[in-house]
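Okay, so here's the structure we're looking at.
No experiment lies behind these values; they were computed from the predicted model shown. Order of the sequence lines fixes the chain letters, A, B, ..., with proteins taken first and strands second; residue numbering starts at 1 for each chain.
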Protein chains: 2
Amino acid sequence: MSRPGREPTLRDVSLRAGVSRMTVTRVFIRPDQVLPETRARVQQAVAELGYVPDRAAGSLATRRSGFVGLVLPTLVNGNFAALAEGLTESLRPSGYDLLIGYTGYSMQEEERQVRTLLSRRPEAVVLAASAHRESVGRQLARSGIPVVEVADLPEQPLGHMIGFSNHAVGVRAAEFLIGLGHTRIAALGPARCADRRDLRGEARLAGFSHALARAGLPTGLVRGDGAIPLSFGEGARLMGRLLDEAPDLQAVFAVSDLAAVGALMECRRRGIDLPGQLSLLGFGNFEIGQQTVPSLSTIAVDFDALGRRAGRLIAALLRPRDAGPPSPSPSPSMAVDVGFTVIARQSTAGVAS
Amino acid sequence: MSRPGREPTLRDVSLRAGVSRMTVTRVFIRPDQVLPETRARVQQAVAELGYVPDRAAGSLATRRSGFVGLVLPTLVNGNFAALAEGLTESLRPSGYDLLIGYTGYSMQEEERQVRTLLSRRPEAVVLAASAHRESVGRQLARSGIPVVEVADLPEQPLGHMIGFSNHAVGVRAAEFLIGLGHTRIAALGPARCADRRDLRGEARLAGFSHALARAGLPTGLVRGDGAIPLSFGEGARLMGRLLDEAPDLQAVFAVSDLAAVGALMECRRRGIDLPGQLSLLGFGNFEIGQQTVPSLSTIAVDFDALGRRAGRLIAALLRPRDAGPPSPSPSPSMAVDVGFTVIARQSTAGVAS
DNA sequence: CATAGCGATGTGAACGGTCACATTGCAAGA
DNA sequence: TCTTGCAATGTGACCGTTCACATCGCTATG
């Protein structure tokens, strides 16, 4: 190394290669503008010194951080992780790095995350945490960067939306179970604490209740009291309570496959036959649901594709950064409904009549 | 806002508050050095302008990015996600942000990730991807920052290690199953492709074979041909193949709970009674294993704690940055063995004699 | 043969903070 | 009253890169 202790800089490389600093930069940014011989000399110096450009300095000069922020409730959820991976991959060709923050479903934490994030000057932000404090929207709006909300279609969007209606999912779930001939129908969903909330789960639950009521069926067995995040164990626990209270249950919708699989296992422990005695429907199409016995009927959304789509949108929004006018017309807010699919597997069946 | 289009800067705030830029900075860095009245005036200007400090600029000046890099195989694995969350949380008090990259188990991709990462000048790097190209070690060594490898105890460490011996896990798994009286014992593990490898899974498998051989038992049923990453479906598929070939099998070790649960479901589909006809042992203590019927015996490692521990180590290493000598003595490489625990649940049982 | 034109390279000034080192004002002690 | 000392604030340079623009040398063209 040239200077002890410090990492080599552009200057070190330029001195060694016998060119100016600008030429070295060009070798990285626009190699075609540099004569092949010069380029080779520079590249050798780079290799010898082990020089890696400092993007923080670059960001400062270009006013472009190369970051896209992603805020989600938790990483410990296959679908959110898949979303993150899809986003990363679709953003890679454009050279953006993902900066991930997770809120643990807490709105207060989300606020903190967004503030932290903004200090890194992301060029766009993707929000997958559905419950926002008002201040979050204010901060994001002020920063002037594109905001994309995913995995939902909120009533009061902060920016673009790529997702699906969780309320519609709930409605469809109810219609599906009703269509099978069930009438004593229950649902398992998240509790509403003051700060920790799973708004999407709540929306699915609300849609479910709504459709039940519309069909003239009782909604008393729709339970919004699951601990967040809904897990296998929580699903089993909730199912146990439900079975204790209403042994003559015919069908259950769990707002998450995780809870549904837990519920399925609880049924197995109690010797309840699925779908013979009870139909069970989940949401999320987690891989485990394909393998359980019986396999789990569910409602599927392609989260990886959701992430990819968000990434493509962002790449497109950010590309003509130079072309268009500064930002007088913040491109009209897009809303993309990617829909969802009911996947009927073995855990649901019609009522024998 | 003050200047149209641009985000407000320190200068905008200082002008509005009628102080110098340095005073504004101090309100953020060392508030106690600023007179309360002045501080209040500055804070009001900050609030009015919606000013958020630019950390890229700050990094440049302080030569500290505030980033810690984390490279892992995939996020779509509860244990790695838990590790990431544990790391994040233990680093938060010290003000570090996590920069996550994932390799999809590819060594080539890992190399790319590390290079990208280094351009953001992380102050430390945590590696959870066990298979490294040589160049990765070179790059990291040259950068001079602390490196922590987690979830393994490699023979040729790149820096510090916090983990457990995957080979020992395999040995212990075999001893456990042998101890139950089984002799026809199989194992399911990852295949070894050229680039995509799961070295930790391979190590568990190798340890398992080793212990089997040492006990004079045949190792022909130890299968290292699972698609990476090992999933529920892959576990089911592998188990099916195994049962077709060796119907008189007595015990199976799957190097991941995910594969083990898949295998468990496959057994159920085939009407094979666990643990009556077959003992099944997994690894990883994923939550689902507690809920399956029968519940899954497994080998547990606390990944969240692993992440926390790595975070604490890094925080400690980085703290006295100012105190100690520049870096003549790169603090001796630490190796922490966090061990593992066999959790015997219902899927394993002794042979009836 | 002069010169316009272009491609390759160099120059100095930002970018937005923070560092080390002044400078100022004021209270305590000789 | 005159230091001395400290707390609060200001000054200019610098962190490593890239921007806009200038310069250089060469070739093609009239």
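Taken from CZ in B:Arg197 to OG1 in B:Thr103, the straight-line distance is 13.5 Å, to the nearest 0.5 Å. Taken from CG in B:Asp152 to CG in B:Leu127, the straight-line distance is 11.5 Å, to the nearest 0.5 Å. Between A:Leu99 atom CG and A:Arg121 atom CZ the span is 13.0 Å, to the nearest 0.5 Å.
Rounded to whole angstrom, the span from the CG atom of A:Asp54 across to the P atom of C:dC15 amounts to 19 Å. Rounded to an integer number of Å, the gap from CZ of B:Arg63 to P of C:dC19 is 12 Å. Residue B:Tyr51 contributes atom OH, which lies 7 Å from atom C1' of C:dG16 at whole-angstrom precision. In this entry the distance linking CZ of B:Arg64 with P of C:dT18 reads 12 Å, nearest Å. Remark: P of C:dC6 and CD of A:Gln33 are 15 Å apart, rounded to the nearest angstrom.
The side chain to side chain contact (heavy atoms under 4.5 Å, CB included) check on B:Arg308 picks up B:Glu89, B:Ser90, B:Asp304, B:Arg312, with sequence neighbours excluded. Under the ring pair (Phe, Tyr, Trp, His ring centres under 6.0 Å) criterion, A:Tyr51 pairs with A:Phe28, sequence neighbours left out. Remark: A:Arg120 pairs with B:Asp97 by the side chain to side chain donor-acceptor pair (under 3.5 Å) rule, at least two apart or across chains. Residues satisfying the side chain to side chain contact (heavy atoms under 4.5 Å, CB included) criterion with B:Pro157, sequence neighbours excluded, are B:Glu149, B:Met161. Residues passing the ring pair (Phe, Tyr, Trp, His ring centres under 6.0 Å) test with A:Tyr105, sequence neighbours excluded: none. The salt bridge (charged side-chain N to carboxylate O under 4.0 Å, His left out) search around A:Glu111 returns A:Arg133, not counting sequence neighbours. Judged as a ring pair (Phe, Tyr, Trp, His ring centres under 6.0 Å), and not counting sequence neighbours, A:Tyr102 has no contacts.
A salt bridge links A:Glu134 with A:Arg138: at least one charged nitrogen is closer than 4.0 Å to a carboxylate oxygen. Comment: A:Glu7 does not engage B:Arg142 in a salt bridge, judged by the lack of any side-chain N to carboxylate O separation of less than 4.0 angstrom.
Contact check of residues 20-31 of chain A against DNA chain C (heavy atom, cut-off under 4.0 Å) returns A:Ser20, A:Arg21, A:Met22, A:Thr23, A:Arg26. Contacts of residues 34-44 of chain B with DNA chain D (heavy atom under 4.0 Å): B:Val34, B:Leu35, B:Thr38.
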- Item | Step-by-step side-chain contact (heavy atoms from CB on, under 4.5 Å) determination, A:Phe80 to B:Leu75 | CA-CA 9 Å; A:Phe80 287 129; B:Leu75 278 178; over 6 Å; no
- Message: Please evaluate residues A:Val125 and A:Val114 with respect to the criterion side-chain contact (heavy atoms from CB on, under 4.5 Å), reporting the C-alpha separation (whole Å), side-chain torsions for both, the decisive distance (0.1 Å), and the verdict.
- Response: CA-CA 9 Å; A:Val125 169; A:Val114 169; 5.8 Å; no
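With a cutoff of under 4.0 Å to any heavy atom of chain B, the contacted region of DNA chain D is bounded 5' to 3' by D:dA8 to D:dG16.
For A:Arg39, the CZ atom is densely surrounded, since the number of other residues' heavy atoms within 6.0 Å is greater than 12.
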- Message: Can you give me the dot-bracket string for DNA chain C, 5' to 3', counting Watson-Crick and G-U wobble pairs with both distances under 3.5 Å, using [ ] for crossing pairs and | for partners on another strand?
- Response: ||||||||||||||||||||||||||||||
Atom pairs under 3.5 Å, N or O on each side, protein against nucleotides 24-26 of chain C: can you list them with distances?
none

